[in-house]
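Whatever order the structure lists them in is the order used to number ligands and atoms, beginning at 1. Worth knowing before you read on, the calculation uses all heavy atoms, side chains too, and leaves out hydrogens, waters and symmetry mates. All residue numbers refer to positions in the sequence shown, counting from 1.
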Amino acid sequence: MSAGGSVVIRGGEVVDATGVHRADVLVGAGIVQVVEESLGVPPGALVLDAGGCLVAPALVDLHTHLREPGAEQAETIESGSRAAALGGYSAVVAMPNTTPAIDCASVVRDVRALAHGALVDVAVAAAITVGRAGERLVPFAELAELGVRLFTDDGAGVQDAGLLRRALEYAGDLGVVLAEHCEDASLAKGGLMHEGAWSSRLGVPGQPALAEEVMLSRDLALVRLTGTPMHFLHLSTAGSIRLLAEARAEGLPVTAEVTPHHLSLTDAELSSFDAVFKVNPPLRSEGDVAALRRACADGLIDAIATDHAPHPREAKEAPLEDAPPGMLGLETALSVAWGALVESGLISAARLFSLFTVQPARIAGLGAHGGPIAAGRPAQLCVFDPAERVLVEPERSASRSANTPFGGRWLTGKVRHTLVHGEPVVIDGKAQR
Ligand code: DOR
């Protein structure tokens, strides 16, 4: 990522974990040079208008499916990184459920090579088990040595408790973090949506909340046994939030994320039988959505992560039982979460941005991202207009896929500019390369 010339971001309110204040920001040589109330413009500097906007650290996504290698018809690192930049991100963690899976040093190196020149930084997560088959552990020491920090079989949970225990013991010794997709396969089997009133009414086989909660409670017991930190991906039920609250009260070293779609959509969407709403974990009940929102306000949830999961149009147009689970997220995440949490009065803008920036950056070990916005820090910045209304048009997505559940809906808030290592990769809502 190259650092360009000087840039002045003028007229906005700077918001980061330290609070909100009126300031201009001068960026040069890839880093924040000055943050001051009213800055002059150095000769030759590019001026970016931030009038009416929040100037925040650029976002960090803990959970992005970039589909390379193996499913380039759905997404590439290049197209996914463009979607990320447009969504205000400076870094994403690429999930390892690719073909082949990211489960050994050579695939990690290949993906990193493909990510050279991407619009945002791409950190690579590796699988916990070889081929994500749940049978043999990956070479943790070798991968940790290469700098891999997060390990996950995402797309599936690790079903074998003994194997996960051993993985936690290795992870503890190496200082890396396991991230679990909590889904007990025997309980979830055959479920196409959340099991509840809507699945009964529609006659669609459901996946019970318990499929998530059983694995979460097993994993919490293993964290207690081993003392090794663990991260929980896309928690989606009120029961999971209760388990997380107990674990926190006990002092277990755990972190957790929720997705924008689980904060904003319910299982009622499946009454359309449209597979664009099929996702794992499934969209849940209104009570679950309310519990997730409250958990963001209470500080139980550490991060909002997209689970950006592109799928080709033909695949998503198949009947519900045949279509793959997953939805796009990178371009809409901030506006959707803004609507669910800030517009609704539940949390402040500063709190929302910490869920998208400093906290996920800490979990992923990405110290050059996530703020704060202060002289000497790497210039990863997101300029967000909280007043602009945007119509989501799936065909205009930067992603190679169009499976957004928000197509045709109006969202509040739009990313105006994104800077990655000082380079304006998005200006006035347009990707620059
Ligand atoms: O709905 C989902 N889709 N959930 C996952 O955990 C994986 C993802 C995918 O890769 O498509």
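- Judged as a salt bridge (Lys or Arg N to Asp or Glu O under 4.0 Å), the pairs with a partner in residues 311-333 (not counting sequence neighbours) are, in order, Arg313-Glu317, Arg313-Glu395.
- Between Glu388 and Arg416, none of the side-chain N atoms (NZ, or NE/NH1/NH2) sits under 4.0 Å from a carboxylate O, so this pair counts as no salt bridge.
- Within 4.0 Å of ligand 1, protein heavy atoms come from His65, Arg67, Asn97, Asp154, Gly155, His181, His234, Val279, Asn280, Asp307, Ala309, His311, Pro325, Gly326.
- For His311 and Ser401, the side-chain atoms include no donor-acceptor pair closer than 3.5 Å.
- Within the structure, the ring pair (Phe, Tyr, Trp, His ring centres under 6.0 Å) test picks out the following pairs touching residues 381-411 (sequence neighbours left out): Trp338-Phe384.
- Between the side chains of His308 and Asp61, no donor-acceptor pair is found at a separation under 3.5 Å.
- Sorted by first and then second residue, the pairs that involve residues 107-151 and meet ring pair (Phe, Tyr, Trp, His ring centres under 6.0 Å), not counting sequence neighbours, are Phe140-Phe151.
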